[in-house]
Structures are given as C-alpha cells and as structure tokens.
Student: 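Please read through the structure below; I'll follow up with questions.
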Number of protein chains: 2
Amino acid sequence: MNQLCNRRETKRHQTALRLQQCAIALTLDRGFDSWTIDDLAAAADVSRRTVFNYFDGKADVVLGPVVELDPERVAVFVAGGPSGDLLSDVLTMAADVIEEHTSDKDMAAAGRRAVLGDPRLLGLAHQRFEDVTAEFVEHVRQRDGDDFSPDRARLLSRLVVTLFDNAAERAEAEPGRPFAEHFDAAVRDARDVLA
Amino acid sequence: MNQLCNRRETKRHQTALRLQQCAIALTLDRGFDSWTIDDLAAAADVSRRTVFNYFDGKADVVLGPVVELDPERVAVFVAGGPSGDLLSDVLTMAADVIEEHTSDKDMAAAGRRAVLGDPRLLGLAHQRFEDVTAEFVEHVRQRDGDDFSPDRARLLSRLVVTLFDNAAERAEAEPGRPFAEHFDAAVRDARDVLA
DNA sequence: GTGTCCTGGTGCAAAGATGCACTCATGAAC
DNA sequence: GTTCATGAGTGCATCTTTGCACCAGGACAC
C-alpha cells in the first residue's frame, strides 16, 4: 500500500521503523530520561546525525512521525464523501490514519506503554491529539456547516478514538478474528449503550 | 587491526563482505554464469549500481578485491627488513597479506570451491597469482640483488603458497591449535623433507 | 543480413548517511 | 557564582547509495 516500490523508500522506512522500535525499547527498559541520542543511534546502527535527519527530537522518535491527514482524502471528506454518512466517513478516515500509523500491532502496544510510562511523553502525545482533533473539527464543520457545533465535533472525535481503543482491547483479548469485526462490535455495543 | 573505527568504514567493509559472500553463494549454488548482477544486488540488498561501486566486474566480486602489497611493508622488505632473514621476512609479508585477505576461514574455503568450480574464475585467479608473483619476484631481486635469479625467486613464491596451503590443511584437520603452530610444523616438515 | 532482447558496465545527478564542529541549556562540583 | 561536564540539537562538507539513461557485445529469431 505504501511506496515500497523502490529501494530508497524501503530503506528509509526500515530505518525510521528501527529507530522508533529502539527508542520504545529503550524507554520501556530504562525510562525516557535514561537513554541518550547516542545510545539510540548505536542501538539502531546509524549515526547520531541520522537520528535528527529522521525525527525532530528525542520525543518524536518514541511518538513516531506526526500524523497528518492526506489532503486528498480530506478534500473528499469535506466535499461530503466518500459515502455521505458522516459517522461512516469519519470512521473510514480514522481507520486509514490508524492503519498506516500503526502497521505493527505489537510495536503500537509497546509504544502505548512507553508513552504511558513517562509524563512528558504523555503530555506531548496529548498535545498532538489535541492538534489533530482541532484540525478534524475544522473539517467536520467545513463539511456539515457551522451549525455543527465545535463541541459536537470534538465529541465525535473523542468517540472515534474511544471506539478504536475499545476495538483494540477486544482484538487483544481475541486476536483470531479480524480487527474490522471487533470494531463493528464496538460500534454496535456503543449504539446499544447509548440507545 | 583494520580501520573499523568509524561507522563509515565499518559499513563499507560489511557491504563488500556481504557482496562477496552472496556472489560466492550464488556461484556455488547455480554456477558463475547463471546469476546476474541484478540477482546479486537483490541478494545483498543493495542497488545494482552499488555493486560496481565496490568491484570492477562480476568476477571480481567472487574473487574479492585485488591483493596489493602495502607499499610501506614492501619498502621495509626491499631494504632488507624486518628481520634480515629472507625466508622469514617473506613468510611474514605473506602472512600479513593472507591474514587481511581471508579474515573468515569458512568464506575463504567456500570461495576456493567456487573458483575451482568455474574455469573462467580459475583462469582469472591464476592470472592474479601470476601478477603478484611477478611483483614479488621483482621485490626479492631488488632486495637481494640480481644474482638472485628470477627462477629462484619464483620458486620461493611457489614455496610460500605451498607452505600456507599445507598449514591450512593441517588447521582444518586440527582446528584447536593456533594457525602459527600449524604453519611452523609445515615449515619444519618441508625442511626435513628437503634436507 | 537486421532487428531485438539480455546482460555487463559507465556517467551523472539527486538523495541519504556520516563526521565534526559548533551552540545552548541544565545541573552538579567547587 | 563560576566552572565544568553532559546531552540535545544544528549547519555543513564529504562520502555513499541510488535511480536512470546510456553504450557495447553476444544470442537468437526472422
């Protein structure tokens, strides 16, 4: 799905992934403050300078690259697509983002634990979430008009995260079935609960 | 011993080694003519162009980089050093060359089989040996004067190779002891036989 | 013959990795 | 308070890798 066609992109992706994996492992192992960029560089077998070629800072390596919505998809979404149903389209977009952001589930889980283990990382992650939420709210209102209140849009954003989080928990408990099924179950249960 | 101090040299060395290993493996597996540079590049996980950045041609990858005597050592040798005894000094120089040329014994053995399996590789290897022998003969005569006949110098060259070859066989049969001991034994036996 | 692959090999420009010499902030030692 | 050490982060020159267009020669079809 991603551009893994040419060798350059492949290696770049591998290096970024290796750096993040090592950063997470180091954080889980010793704590965020107890490893240096040099340690990370050595662990990932790159030079210290290369770390900063890939990430904007120490925390960014653990958190991974900042999520940014594909402008093309955003345009479709703002125009009312792809399906026309707001919730469905939001979930579709969220699924895409989450999919490409957490290709490896084990690493995602480890990253979660690492972030949860350090207040500073948690704060940064929270800030990031606020940022994308703000952007998302803006798009929802562009799509459905200003009568869709910011509060409602923010609630929608939170709801989506909650649903995915719950689906992830279900998936962890019962890994055999596809994620989509767990997710559908979460949506159904949410509707039941709220009904 | 080699310059493995900085990351650049290390990676360069690793890549060269990986390329040669893959080339040997491919040759052993399918024969020298039945793999392409692209196959090798894919196997070693580098681009086709990189192969030619490291080696001068397809055969050179299997044979490894051309041996070239360290000018500094050669100067010492021509001047009569380091010990003053011809045979001893020749063996010292040869040991150095062989040492840095075949750091991995298994790979050296595999390379030997690969070369032996293809007439063209064998020819090239033989040509290479002739070249260094010619160079060596020149140095011996520079050191000991022109009364040291070329024939005698060539014999010396052959003798050295034979001794190392024999020592390698002994080392393979009895890998526990250090190579130097095997080599000394080979020299002793050679002297006994010729006495 | 003549075209057409296939493969070895080269030139070149762009992208990526590295080493190194900085700066800046922080915190401990004195 | 000053010094000193440590570690984050940056700028830049240099080396390495890659992609791509290209050429040359051999095999093979027609």
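In this text the structure is predicted, and so the values were computed from the model without any measurement. Throughout, protein chains are lettered first and strands after them, A, B, ... in sequence-line order, and every chain is numbered starting at 1.
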Student: Holding to side chain to side chain contact (heavy atoms under 4.5 Å, CB included), I want the full list of residues that pass it with L17(A), two or more places apart in sequence or in another chain.
Tutor: Q21(A), M107(A)
Student: Considering residues at least two apart in sequence or located in another chain, which fulfil the side-chain hydrogen bond (donor to acceptor under 3.5 Å, both in side chains) criterion with N53(A)?
Tutor: R49(A)
Student: Send over the distance from K58(B) NZ to dG25(D) P, rounded to a whole Å.
Tutor: 18 Å
Student: Which residue pairs pass the ring-ring contact (aromatic ring centres under 6.0 Å, His included) test when at least one of the two sits in residues 17-43 of chain B, sequence neighbours left out?
Tutor: F32(B)-W35(B)
Student: For V78(B), enumerate each residue passing the side chain to side chain contact (heavy atoms under 4.5 Å, CB included) test, keeping only those at least two apart in sequence or located in another chain.
Tutor: V74(B), H139(B), Q142(B)
Student: Less than 4.5 Å apart, side chain to side chain, heavy atoms only: is that true for I37(B) and K58(B)?
Tutor: yes
Student: Output all residues satisfying side-chain hydrogen bond (donor to acceptor under 3.5 Å, both in side chains) with R113(A), sequence neighbours left out; order by chain, then residue number.
Tutor: none
Student: Any residue in residues 19-26 of chain B with a heavy atom nearer than 4.0 angstrom to DNA chain C? Just list them by number, or reply none.
Tutor: none
Student: Pull out every residue in residues 28-56 of chain A that has a heavy atom closer than 4.0 Å to any atom of DNA chain C, ordered by number, or say none.
Tutor: V46(A), S47(A), R49(A), T50(A), N53(A), Y54(A)
Student: Return the set of residues passing side chain to side chain contact (heavy atoms under 4.5 Å, CB included) with Q127(B) (not counting sequence neighbours), or none when no residue passes.
Tutor: E130(B), D131(B)
Student: Check side chain to side chain contact (heavy atoms under 4.5 Å, CB included) between L87(B) and all other residues, then give those that pass, not counting sequence neighbours.
Tutor: D85(B), L91(B), L156(B), R191(B)
Student: Within this structure, what is the CZ-to-C1' distance between R12(B) and dC15(D), rounded to whole angstrom?
Tutor: 9 Å
Student: Using the salt bridge (charged side-chain N to carboxylate O under 4.0 Å, His left out) criterion, which residues pair with D189(A)? Sequence neighbours excluded.
Tutor: R170(A)
Student: At under 4.0 Å, does any side-chain N or O of K11(A) touch on OP1 or OP2 of dT18(D)?
Tutor: yes
Student: For residues 45-86 of chain B, pull every pair meeting ring-ring contact (aromatic ring centres under 6.0 Å, His included), keeping only residues two or more places apart or in separate chains.
Tutor: none
Student: Using the heavy-atom set of chain A and a strict 4.0 Å cut-off, write down the first and last nucleotide of DNA chain C that makes it in, 5' to 3'.
Tutor: dA14(C) to dC20(C)
